[in-house]
Trainee: 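Sending over a structure as structure tokens; questions will come in a sec.
In what follows, residues are counted from 1 in the order of the sequence shown. Below, all heavy atoms of this structure are taken into account, side chains as well, without hydrogens, waters or symmetry copies.
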Amino acid sequence: MDDQTRIEVEAAAFRRLQKHLMEDRTDAQNIDMMNLAGFCRNCLSRWYQEAANERGIEMSKDEGREAFYGMPFSEWKAKYQVDASADAQEAFKKSHG
């Protein structure tokens, strides 16, 4: 596979993951993703922001989140985020403490 095709395939896989998390699995909470996989939507939005910044594109944390979430983060939180359970918070402290 040539480099351009690899980049296109990787980009398509990223877009599919993004769509899956933003449309199909809005029930999957970020804290649960962090506890199970060690990353979440916020990590993906930060990686997106960092990749833009590395290429000379100025992008703030909030702009990166909006680019990934497809809406302001505050709107996402109001629509989909629920309070983390005590168990989830404790698991997060243990694994990311």
Trainee: Which pairs, with at least one residue in residues 73-88 and sequence neighbours excluded, count as a side-chain hydrogen bond (donor to acceptor under 3.5 Å, both in side chains)?
Mentor: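 Output for this query is empty, none listed.
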
Trainee: Could you check whether any side-chain N or O of Q18 sits under 3.5 Å from a backbone N or O of F68, counting only pairs where one atom can act as donor and the other as acceptor?
Mentor: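 The answer is yes, because a donor-acceptor pair under 3.5 Å joins these two groups.
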
Trainee: With sequence neighbours left out, write down each residue that passes salt bridge (charged side-chain N to carboxylate O under 4.0 Å, His left out) with E50, or none if nothing qualifies.
Mentor: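 So E50 forms a salt bridge (charged side-chain N to carboxylate O under 4.0 Å, His left out) with R46.
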
Trainee: Can you name the salt bridge (charged side-chain N to carboxylate O under 4.0 Å, His left out) partners of D27, sequence neighbours left out?
Mentor: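 D27 satisfies salt bridge (charged side-chain N to carboxylate O under 4.0 Å, His left out) with R25 only.
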
Trainee: Salt bridge between D3 and R6, side-chain N to carboxylate O under 4.0 Å?
Mentor: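 Result for this pair is yes, salt bridge flagged.
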
Trainee: Residues sharing M1's hydrophobic cluster, by side-chain heavy-atom contacts under 4.5 Å among ILVMFWY, directly or via others?
Mentor: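 Cluster partners of M1: V9.
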
Trainee: Does any N or O in the side chain of N30 come within less than 3.5 Å of the main-chain N or O of C40, such that one atom is a donor and the other an acceptor?
Mentor: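 No, the answer is negative, given that no donor and acceptor are paired below the 3.5 Å cut-off.
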
Trainee: Give a yes or no on this: more than 12 heavy atoms of other residues, nucleotides or ligands lie within 6.0 Å of atom CZ of F73.
Mentor: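 More than 12 heavy atoms, drawn from other residues, nucleotides or ligands, come within 6.0 Å of this atom.
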
Trainee: Provide the closest heavy-atom pair for K61 versus Q49 in the form atom of the first, atom of the second, distance.
Mentor: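 Answer, listing the atom of K61 first, then Q49: N-NE2, 3.4 Å.
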
Trainee: Side chain of D32, backbone of A88: donor and acceptor closer than 3.5 Å?
Mentor: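 No.
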
Trainee: Roughly how far apart are M34 CE and F92 CZ, rounded to 0.5 Å?
Mentor: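 Answer rounded to 0.5 Å: 4.5 Å.
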
Trainee: Do other residues, nucleotides or ligands put more than 12 heavy atoms under 6.0 Å from E58 CD?
Mentor: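 No, the 6.0 Å shell around CD holds no more than 12 heavy atoms from other groups.
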
Trainee: List the residues meeting salt bridge (charged side-chain N to carboxylate O under 4.0 Å, His left out) with E23, not counting sequence neighbours, and say none if there are none.
Mentor: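 Residues passing salt bridge (charged side-chain N to carboxylate O under 4.0 Å, His left out) with E23: K19.
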
Trainee: For L17, enumerate each residue passing the side-chain contact (heavy atoms from CB on, under 4.5 Å) test, keeping only those at least two apart in sequence or located in another chain.
Mentor: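 In terms of side-chain contact (heavy atoms from CB on, under 4.5 Å), with neighbours along the sequence ignored, L17 is linked to L21, L44.
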
Trainee: Check the hydrophobic clustering (I, L, V, M, F, W, Y; side-chain heavy atoms under 4.5 Å; chains of links allowed) and say if I7 and F14 are grouped together.
Mentor: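 No, because I7 and F14 fall into different hydrophobic clusters, even though each may have its own neighbours under 4.5 Å.
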
Trainee: Quiz question: by atom type and distance under 3.5 Å, do the side chains of D2 and T5 form a donor-acceptor pair?
Mentor: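 Their side chains do contain a donor-acceptor pair, which is all the 3.5 Å distance test asks for.
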
